[in-house]
Engineer: 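Okay, here's the structure, questions in a sec.
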Amino acid sequence: MTLKLLASDQTSGEILVRVIHIVIGLCLLGVAAWFWLAVPLFNPYGFFGFLVAGAIPFLAALFGSRKTIFQLLLFGWV
């Protein structure tokens with residue numbers, strides 16, 4: 001696996017989509033950390049749900065192909 005975040009052959013639209021996925025992924029990972037650390041009663045469904053929901057777009061933005069990131073963006077709008 002190679003890091004595809006800043007490859008030289010990327011269009012500005014692809015870079016924008018990757019940045020959107022990173023921001024959304026980090027926000028969802030932050031919610032998972034909040035469920036883990038700040039909530040008085042630990043909720044495993046909330047923690048693992050947001051952990052998976054945040055890790056998928058974040059890792060797709062870093063390691064995914066051009067087709068994968070655009071499909072994930074379109075899936076989010078449906």
Side-chain angles (χ1 to χ4, degrees):
M1 279 200 298
T2 59
L3 188 67
K4 297 182 180 183
L5 185 58
L6 293 175
S8 61
D9 62 339
Q10 290 181 344
T11 62
S12 60
E14 184 180 354
I15 293 172
L16 178 67
V17 170
R18 289 185 188 273
V19 168
I20 289 170
H21 281 91
I22 288 174
V23 169
I24 290 173
L26 286 177
C27 288
L28 291 173
L29 289 173
V31 172
W34 178 75
F35 268 109
W36 182 39
L37 299 172
V39 176
L41 295 173
F42 178 71
N43 184 354
Y45 298 109
F47 172 71
F48 288 115
F50 281 106
L51 186 68
V52 170
I56 289 172
F58 184 74
L59 293 175
L62 293 180
F63 300 109
S65 66
R66 180 176 291 157
K67 182 179 177 183
T68 303
I69 62 166
F70 281 110
Q71 284 179 344
L72 188 61
L73 182 71
L74 291 175
F75 178 73
W77 289 102
V78 172

Engineer: Which heavy atom in A60 sits nearest to a heavy atom in L72, and how many Å separate them?
Structural biologist: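 For A60 and L72, the tightest heavy-atom pair comes out as CB-CD2, 3.8 Å.
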
Engineer: Taking it one step at a time, do F58 and I22 satisfy side-chain contact (heavy atoms from CB on, under 4.5 Å)?
Structural biologist: CA-CA 5 Å; F58 184 74; I22 288 174; 4.0 Å; yes

Engineer: Within a reach of under 6.0 Å around CZ of F35, are more than 12 heavy atoms found that belong to other residues, nucleotides or ligands?
Structural biologist: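 More than 12 within 6.0 Å, yes.
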
Engineer: If I take atom CZ from residue F48 and atom CG from residue N43, how far apart are they, to the nearest 0.5 angstrom?
Structural biologist: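 Rounded to the nearest 0.5 Å, the CZ-CG separation comes to 10.5 Å.
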
Engineer: Can you give me the closest heavy-atom contact between R66 and R18, atom names plus distance?
Structural biologist: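 That would be N-NH2, 4.1 Å.
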
Engineer: Identify the two heavy atoms, one from P57 and one from H21, that lie closest to each other, and give their separation to 0.1 Å.
Structural biologist: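 Scanning both residues completely, I find the closest heavy atoms to be O-CB, 3.5 Å.
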
Engineer: For the CZ atom on F42, are there more than 12 heavy atoms of other groups (residues, nucleotides or ligands in this structure) within a distance under 6.0 Å?
Structural biologist: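 More than 12 heavy atoms, drawn from other residues, nucleotides or ligands, come within 6.0 Å of this atom.
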
Engineer: Could you grab the distance from atom CD1 of I15 to atom CD1 of I20, nearest 0.5 Å is fine?
Structural biologist: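 If I round to the nearest 0.5 Å, the distance is 12.5 Å.
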
Engineer: Mind listing the closest non-hydrogen atom pair of V17 and L73 along with its distance?
Structural biologist: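 Closest pair (atom of V17, atom of L73, distance): CG2-CD2, 3.7 Å.
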
Engineer: Would a hydrophobic clustering, with Ile, Leu, Val, Met, Phe, Trp and Tyr connected at side-chain separations under 4.5 Å, put W34 with Y45?
Structural biologist: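 W34 and Y45: separate clusters.
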
Engineer: Starting at CD1 of I69, measure out to CG of L74 and round the result to the nearest 0.5 Å.
Structural biologist: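 Here the rounded value is 10.5 Å.
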
